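To keep things clear, I will list the structure first and then write my remarks on it.
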Amino acid sequence: MIRTRFAPSPTGFLHIGGARTALFSWAFARHHGGKFILRIEDTDVARSTPEAVQAIIDGMNWLGLAHDEGPFYQMQRMDRYKEVLHKMLADGAAYYCYTTPEELERMREEQRAKGMKPRYDGTWRPEPGKTLPTPPAGVQPVIRFKNPTDGVVAWNDLVKGQIAIANAELDDLVIARTDFTPTYNFCVVVDDWDMGITHVIRGDDHVNNTPRQINILKALGAEVPQYAHLSMILGDDGQKLSKRHGAVSVMQYDDDGYLPEAVLNYLARLGWSHGDDEVFSMTQFCEWFDLDHITPSAAQFNTEKLNWLNAHYIKQADTARLAALVRPRLEARGIAISASPSLEAIIGLYKERVSNLNELADAASIFYADITFDPAVLNQHLTPEALPALVDFATGVRDVAWEPAAINALIKSCIGAHGLKMPKLAMPLRVLLTGQAQTPSVDAVVALFPRETVLKRLAALPA
RNA sequence: GUCCCCAUCGUCUAGAGGCCUAGGACACAACCCUUUCACGGUUGGUACCGGGGUUCGAAUCCCCGUGGGGACGCCA
């Protein structure tokens, strides 16, 4: 049974990189008929917040990435960690270290100055025949893992291939703080072990933690899971995404009018491929997904492609569903949705031409709220030669049958009577009714408005 | 600095030694459609980081270089 997990730390929102990691872990479990587990890594009490937990869950829900087990909270598993910690201490797999953070800092600076990799020097590490210093009074010790000193830790990364790191490169990491709370690398190991995780799919930044985790797993006599490290996602500008540069919550995409299936489809193709396939459902994705076709190199986020996918999914989407999504956006703008025209009718006419839900709301607001005119646009199209035809049209509007074909016939007869070409009348009509020079077919737009509104907006015409 | 990883069009990518005079998608350009703008359709341009090997043959394998990234916490 394949078991994967997504293990974010609740120190902020779910961003695009985390979302992709979650997506791949989820899809891998789905593909194999396994289980997908959500685990909240909240051992950093100072930075974890319940709001962040909620933000992550909201993000997962919006994307529709449902977990089969959890969410598990590490803070609720303290007893278990402490049990393992005591066992390791008893087994000699871990030891107390009295070196203070200040001493460590000094040590690291010296090493850096000498061009060495900064690391703990092993002062308190017990060795056969070695006499340990006397613990200084008043110093609370941390617990360090006794890492092997020689040999190599190797694993076959399912994305990056064979990776081997010499144990000589690794120092004895702190697995419990002075207050006895366990640290990340330790909790992860115990959790992955206890939860029977078979495949750890996570970000690239954890590659360097992997050999340490494998060593702890081995010290515990636990089975080592398979690892797959996903490369990072760069911003649109090729720069690293960070809190102060470009990293936004997935919920921001909701605000920006993206459909979750568009974001998901986009993310699926960021670092993974299935031949030339670009547009596919999540059902299809789960069927196809494998670790063999994940690119080991970093990927740059491309908003334009996301926009294209979003436009595609909006065109495809059921109009009633879109209306339900657009309605709150209009309400948020303080726009009252009237019965005529129906929101569905507006969306039916506009969904072919927009690339996000907010543009749909923009379109709808033309029909529900007062419009403003750009004088330059108005002047450009409201030409003297168009005026008589417009006046004719305004007159004809009073008793023309209220459907596109009849309105189209009226427009044709108006231009015919004045020897005009279609755009001469269609353009000023567009602008007068919508305030815009770009709209769907003008007869369809006219027909969408209630007759009275058209009369009212045309009444502004100079006689 | 040390260790680890990465490297095909502007971007996402296909590519597991001959199928590659390198394919698809986004973006871009032109044309068609047209009642404006989109949509849609057709066409086009642009890429294997450099150098050495291995091989009859290399985008694909190896080495070196260069460039980029990551990690070196009592953060996760």
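Numbers restart at 1 for each chain; the letters A, B, ... are given by sequence-line order, proteins then strands. Note that the coordinates shown come from a computational prediction; the quantities given were computed from them, not determined experimentally. Excluded from the calculations below are hydrogen atoms, water molecules and symmetry mates; all remaining heavy atoms, backbone and side chain alike, are included.
A/T181 comes within 4.0 angstrom of nothing in the nucleic acid, heavy atoms only. At a threshold of 4.0 angstrom between heavy atoms, the contacts of A/E278 include nucleobase atoms, whether or not backbone atoms are also involved. As judged by a 4.0 angstrom heavy-atom cut-off over every strand, A/S297 is placed among residues touching the sugar-phosphate backbone only. Note on A/T43: only backbone sugar-phosphate atoms sit closer than 4.0 angstrom, heavy atoms only; bases stay farther off. At the heavy-atom level, A/V442 lies under 4.0 Å from base atoms of the strands shown. Counting non-hydrogen atoms under 4.0 angstrom, A/K424 reaches nothing in the nucleic acid. If you check every strand for non-hydrogen atoms under 4.0 Å, A/V142 touches a base. Across all strands, A/K315 comes closer than 4.0 Å only to sugar-phosphate atoms, never to a base (heavy-atom distances). Looking at heavy-atom distances under 4.0 Å, A/G271 makes contact with sugar-phosphate atoms alone, never a base. Among the heavy atoms of the strands lying under 4.0 Å from A/N408 is at least one base atom, whether or not backbone atoms are also near. Counting any heavy atom pair closer than 4.0 Å across all strands shown, A/P211 reaches no nucleic acid atom. Contact annotation for A/H229: no contact, since no heavy-atom pair falls under 4.0 Å across all strands. Within the 4.0 angstrom heavy-atom criterion, only backbone atoms of the sugar-phosphate kind lie near A/P296; the bases stay farther away. Using a 4.0 Å heavy-atom cutoff across all strands shown, A/S355 reaches no nucleic acid atom at all.
Base pairing annotation: B/rG17 forms no Watson-Crick or G-U wobble pair, as no partner gives both donor-acceptor distances under 3.5 Å. In this structure B/rC49 sits in a base pair with B/rG65, meeting the Watson-Crick or G-U test at under 3.5 Å. Base-pair partner of B/rU2: B/rA71 (Watson-Crick or G-U wobble, both distances under 3.5 Å). Across all strands shown, B/rA59 forms no Watson-Crick or G-U wobble pair with both key distances under 3.5 Å. The pairing partner recorded for B/rC28 is B/rG44, the criterion being a Watson-Crick or G-U wobble arrangement whose two distances lie under 3.5 angstrom. Remark: B/rU54 base-pairs with no nucleotide; criterion is Watson-Crick or G-U wobble with both hydrogen-bond distances under 3.5 Å.
Between the side chain of A/D276 and the base of B/rU13 there is no donor-acceptor pair of N/O atoms closer than 3.5 Å. With hydrogens and angles left out, the side chain of A/R430 and the base of B/rU35 share a donor-acceptor pair within 3.5 Å. The base of B/rA25 lies outside donor-acceptor range of the side chain of A/D277, with no N or O pair under 3.5 Å.
Separating the C1' atom of B/rC3 from that of B/rC26 is a span of 37 Å, rounded to the nearest Å. Taking the P atoms as reference points, B/rG23 lies 13 Å from B/rC48, given to the whole Å. Nucleotides B/rU46 and B/rA22 place their P atoms 9 Å apart, quoted to the nearest Å. B/rC20 and B/rU13 have their C1' atoms separated by 16 Å, with the value rounded to a whole Å.
A salt bridge links A/R321 with A/E261: at least one charged nitrogen is closer than 4.0 Å to a carboxylate oxygen. Comment: A/D192 engages A/R5 in a salt bridge, judged by a side-chain N to carboxylate O separation of less than 4.0 angstrom.
Residue A/R112 has no polar side-chain atom (N or O) positioned under 4.0 Å from OP1 or OP2 of B/rU2. At the phosphate of B/rG73, neither OP1 nor OP2 sits under 4.0 Å from any side-chain N or O atom of A/R47. At the phosphate of B/rC6, neither OP1 nor OP2 sits under 4.0 Å from any side-chain N or O atom of A/K160.
Regarding A/I233, its CD1 atom lies at a distance of 16 Å from the P atom of B/rU11, rounded to whole Å. Between the P atom of B/rA38 and the CG atom of A/D362 lies a distance of 17 Å, rounded to the nearest Å. Between A/W272 atom CH2 and B/rG24 atom P there is a gap of 19 Å when expressed in whole angstrom units. Rounding to whole angstrom units, CG of residue A/N307 and P of B/rU11 are separated by 18 Å. Here the P atom of nucleotide B/rC74 and the OH atom of A/Y95 are 12 Å apart, to the nearest Å. Atom CD in A/Q162 sits about 22 Å away from atom P in B/rA16, given to the nearest Å. The separation between A/L309 atom CG and B/rC26 atom P is 9 Å, rounded to whole Å. One can place NE2 of A/H15 at 16 Å from P of B/rA76, the figure rounded to the nearest angstrom.
Counting only heavy atoms from C-beta on, A/A299 has its side chain closest to B/rC12 among B/rC12, B/rA76, B/rG15. Nearest to the side-chain atoms of A/P118 among the listed nucleotides B/rC74, B/rG1, B/rA14 stands B/rG1. Set against B/rA25, B/rU35, B/rA76, the side chain of A/P423 has B/rU35 as its closest nucleotide. Nearest nucleotide to the A/S441 side chain, out of B/rA71, B/rU35, B/rU13: B/rU35. When each of B/rA14, B/rC12, B/rC4 is scored by its nearest atom to the side-chain atoms of A/V207, the top-ranked nucleotide is B/rC4.
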Between the protein and nucleotides 60-62 of chain B, which nitrogen or oxygen pairs come in under 3.5 angstrom?
none

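Heavy-atom distances to RNA chain B give each of A/T178 and A/Q438 a nearest nucleotide, and the one nearer the 5′ end belongs to A/Q438.
Taking the six-membered ring where the residue is Trp, the centroids of A/F367 and A/F449 are separated by under 6.0 Å. The aromatic ring centroids of A/F280 and A/W288 lie less than 6.0 Å from each other.
Looking at A/T100 and A/E103, their side chains do bring a donor and an acceptor atom within 3.5 Å of each other.
No option in A/T149, A/N215, A/D150 other than A/N215 meets the side-chain hydrogen bond (donor to acceptor under 3.5 Å, both in side chains) test with A/N167.
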